[in-house]
Every structure is written in C-alpha cells, then in structure tokens.
Number of protein chains: 2
Amino acid sequence: MSSTLPSTSRSLPIALIRAREGVMAPIREMLSETGITEQQWRVLRVLSEHGLLDTTTLAERSSLLFPSLTRIAASMRDKGLITQTRDEIDRRRQLIEITAAGQKIIDDRTSQSIQIVDDIKTKLGTDNYETLLDLLGLLDLNSND
Amino acid sequence: MSSTLPSTSRSLPIALIRAREGVMAPIREMLSETGITEQQWRVLRVLSEHGLLDTTTLAERSSLLFPSLTRIAASMRDKGLITQTRDEIDRRRQLIEITAAGQKIIDDRTSQSIQIVDDIKTKLGTDNYETLLDLLGLLDLNSND
DNA sequence: ATCATTTCCTTAACATGTTAAGTATTGTAA
DNA sequence: TTACAATACTTAACATGTTAAGGAAATGAT
C-alpha cells in the first residue's frame, strides 16, 4: 500500500497524543483545584454512571491497567472518595463504590464539564465530533472491529 | 448545547486512550525485541527525519515533555543511540543527533512499520484514515485552530 | 557594566503506564 | 479429595507523565 513511513508530523500515534493533550488541558485545569488526577476523575465518572463495580470491570470501563487501578483505588479510598468491600460470594473479587464525597466532586463540576465538551463540539462541529468518536472506536482493540 | 455529560462509553478522552492502545499494540510488539520504548522509538524517528536538533525542538516534534526527554535522552545516550553536544554559539542549548546504531534500529524495522500503518489504513479505509488525522489535528492545542 | 528577566535545560517528587512475578480463591478433572 | 489450572487481584521494578523548583547562560533595560 505505502512504500515509505509517514512523516512524523502525519503520524497517527503522535496525532493521538497531541489531540489528547488538547482535550485534557481544560479538564486538568478544572481538576487542579480538587487535588484529584485525570485518572481519578475517570474512575469517579464510571462509578457514578454504573454504581457498584468489581475491580476488573472498573478497570476496563475507565481504561486503566490493573496495577494502576490498584494504586489509584488505594489512594481514593484514603481520600474518602470510594469504598472497597470484598465480594462475599467470590472472595477474590473486590467491589468498589463511590462515596457521597466522591459524588459531590462530580456534581459540583457537571456544568463546567458539559461546557468543556460543548467547546470541543463547537470547535470541530457536531458532525465531525461524532465522526471522530466513530473512527476512534474502529481503532479500539477490544471493540468488535 | 448539551444538558448532560456524555456517557463514559462515548467520552472523547477515553476514546482517544483506547484508540492509542489499539494503534500502539503492534508497534510495542515490534519494539519488544529491541529493548527500546515507544517514546524512544519516537525520538529516533524524529531525529532520523530532521537530523541534528536542539532539545526544545526535539521535545516538541516527538511530543514529549521536557523532563521526560531529559531522562530519555540520558538513557539513549548510555545505550549509544544518540549523541549529545553543547551548542558552541548558545551554550544553553544542547544538540542531539542520532547515531549509526540508532539509525540501524529504524532501518531494520522500516518495512515492518510500513506494514503496521498499512494495516490500520486498511482497517479504517484510506479516506477515513486521512479524515481521522485531520480531525485529530483540529484538537491539537499548538495548531493554529 | 550591572541587574533583572528570559530562555534552555535539569532535578525533584509524586502519579501513572507497563510488564512480569507473586498470592489467594475458585473451578475442574482424575 | 486432591492436584492442576484458571481467575482476580497485588506487588515489584522500571519508564514516563506532570507540576514545581532550581541552575546556568543569554538578553534587555538602565
């Protein structure tokens, strides 16, 4: 198909990193006053949306590797943002739930978050925004091609 | 524009992370035998394309933060993949260049890299691939909107 | 010339990414 | 029931991401 590598300025991995920087910059700014990281925000969002989850499912839905989530969950438990309990039926499993304090971090920033998403939609155009999500979905390993 | 946050399954930051996973998986597999990381590969690619570069320009073109590049460059120098020299005119600057050993790592894997890119183009379709790069470019902070 | 500012880079500290090895519990099959 | 395999995590070790502080050289204003 091609006979040469694309210029690094037209490289998909680099484009993905830079796009992520652009998207995350305002979110990070929003979170700077909370003392939580972008990853912890993602965990809170997933827990808020799905309720009680085991660690494996939480890792998958928040796109975090297991060892990262182990550390992040410990840190979030210490901050009182989540609770961890053992599944009494399958004692290997750990069940994680958001606390009121964790939910409040989300609730207090919902309108600001919506504004950030809307700014991106405006920048791209809504059609392009949806197209972009669809194309990115095609690259996802764990999707059904 | 919107009144609710998107579901986390339709979140742009998460979609970007997952797409990156999908794109990088075969590249990581390719690099596993070399002992260099995905970031070091990026540095080699940029240096190979642009020749001698100062650290600031190299960081920008390889999309690495300065402190990361400081560590990565030290490690790559120790491995003999790059050389670091001081700019004699502006002695604050450091000039970095790829070595023959570094270039060989690229040369030995060029066809395999092209194949990986082609696989992605095939998966998306070439038009979609170009569209995706263009849309991602719109999200880049440092681009001229 | 001198001092403050800016630029270019390094170091530090902590969080996460990544791979591999380890532990405890459950499932399975002889 | 016992031994082997699989599952659900945890820990370890090292690399990178991220923010803040620091150091050295150049620039600019006085």
Side-chain angles (χ1 to χ4, degrees), chain A residues 13-14 16-18 20-43 53-60 62-79 81 84-96 141, chain B residues 13-14 16-18 20-43 53-60 62-79 81 84-96 141:
Chain A
I14 291 182
L16 288 166
I17 290 170
R18 291 192 174 148
R20 183 156 176 278
E21 282 171 24
V23 170
M24 291 314 299
I27 297 178
R28 258 195 223 121
E29 190 182 1
M30 175 182 81
L31 294 179
S32 63
E33 61 180 15
T34 68
I36 72 171
T37 65
E38 156 200 342
Q39 288 83 355
Q40 294 176 0
W41 171 255
R42 231 154 61 212
V43 168
L53 288 179
D54 65 275
T55 307
T56 299
T57 308
L58 178 56
E60 189 182 326
S62 53
S63 281
L64 289 169
L65 294 178
F66 234 105
S68 293
L69 184 52
T70 294
R71 288 175 306 211
I72 290 171
S75 157
M76 294 178 79
R77 168 175 38 73
D78 293 346
K79 290 185 199 167
L81 303 179
Q84 295 176 299
T85 55
R86 203 145 277 287
D87 183 327
E88 286 308 321
I89 294 164
D90 183 342
R91 299 186 52 74
R92 291 169 303 183
R93 283 177 196 275
Q94 190 171 126
L95 300 175
I96 298 185
L141 266 183
Chain B
I14 291 182
L16 288 166
I17 290 169
R18 292 192 173 146
R20 182 156 178 278
E21 282 171 25
V23 169
M24 290 314 299
I27 297 177
R28 261 196 219 118
E29 190 184 0
M30 175 183 79
L31 294 179
S32 64
E33 61 181 14
T34 67
I36 72 171
T37 66
E38 157 200 341
Q39 288 82 357
Q40 294 175 2
W41 172 256
R42 233 156 58 214
V43 167
L53 288 179
D54 64 275
T55 307
T56 299
T57 308
L58 176 57
E60 189 182 327
S62 54
S63 281
L64 289 169
L65 293 178
F66 235 104
S68 294
L69 184 52
T70 295
R71 288 176 304 212
I72 290 170
S75 157
M76 294 177 77
R77 169 177 36 75
D78 293 347
K79 291 185 201 167
L81 304 179
Q84 296 176 299
T85 54
R86 202 146 277 288
D87 183 327
E88 286 307 321
I89 295 164
D90 183 342
R91 301 187 51 75
R92 291 169 305 182
R93 283 178 197 274
Q94 190 171 126
L95 300 175
I96 299 185
L141 268 181

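Quick note on labels: first sequence line is chain A, next is B, and so on, each numbered from 1.
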Just jot down the side-chain contact (heavy atoms from CB on, under 4.5 Å) partners of Pro67(A), sequence neighbours excluded, or say none.
Leu65(A)
Mind checking side-chain contact (heavy atoms from CB on, under 4.5 Å) for Thr57(B) and listing every partner two or more places apart, or none if nothing turns up?
Leu53(B), Asp54(B), Arg61(B)
Sequence neighbours left out, what passes salt bridge (charged side-chain N to carboxylate O under 4.0 Å, His left out) with Arg28(A)? Give chain and number order.
Glu38(A)
Where along residues 64-71 of chain A does a heavy atom fall under 4.0 Å from DNA chain C?
Leu64(A), Leu65(A), Pro67(A), Ser68(A), Arg71(A)
In this structure, how many angstroms lie between the P atom of dA8(D) and the CG atom of Asp87(A), rounded?
11 Å
Between atom CG in Asp54(A) and atom P in dA8(D), what is the gap in whole Å?
8 Å
Residue met sooner reading DNA chain C from 5', once Arg91(A) and Ser75(A) are mapped to nucleotides
Ser75(A)
Under 4.0 Å from any heavy atom of chain B: name the first and the last nucleotide of DNA chain C that qualifies, 5' to 3'.
dT7(C) to dT19(C)
Salt bridge (charged side-chain N to carboxylate O under 4.0 Å, His left out) partners for Arg77(B), two or more places apart
none
Hey, which sits more toward the 5' end of DNA chain D by its nearest nucleotide, Arg28(A) or Gln94(A)?
Gln94(A)
Could you go through residues 29-36 of chain A and list every donor-acceptor pair under 3.5 Å that involves a side-chain atom there, pairing it with any protein atom two or more places apart or in another chain?
residue: Ser32(A); atom: OG; partner: Glu29(A); partner atom: O; Å: 2.8
residue: Glu33(A); atom: OE2; partner: Arg109(A); partner atom: NH2; Å: 3.3
residue: Thr34(A); atom: OG1; partner: Leu31(A); partner atom: O; Å: 2.6
residue: Thr34(A); atom: OG1; partner: Ile36(A); partner atom: N; Å: 3.0

Would you check if there is a donor-acceptor pair between the side chains of Arg18(A) and Ser63(B) at a distance under 3.5 Å?
yes
Which atom pairs, one a donor and one an acceptor, fall under 3.5 Å between side chains of residues 68-76 of chain A and the rest of the protein, sequence neighbours left out?
residue: Thr70(A); atom: OG1; partner: Phe66(A); partner atom: O; Å: 3.2
residue: Ser75(A); atom: OG; partner: Gln40(A); partner atom: NE2; Å: 3.4

Residues forming a salt bridge (charged side-chain N to carboxylate O under 4.0 Å, His left out) with Asp90(B), sequence neighbours excluded:
Arg92(B), Arg93(B)
Base, sugar-phosphate alone, or nothing: which one does Ile89(B) contact when heavy atoms must sit under 4.0 Å apart?
sugar-phosphate
Please tell me which of Glu38(B) and Gln84(B) maps to the more 5' nucleotide of DNA chain C, matching each residue to the nucleotide holding its nearest heavy atom.
Gln84(B)
Length of the CZ-P vector between Arg92(A) and dA6(D), whole Å:
13 Å
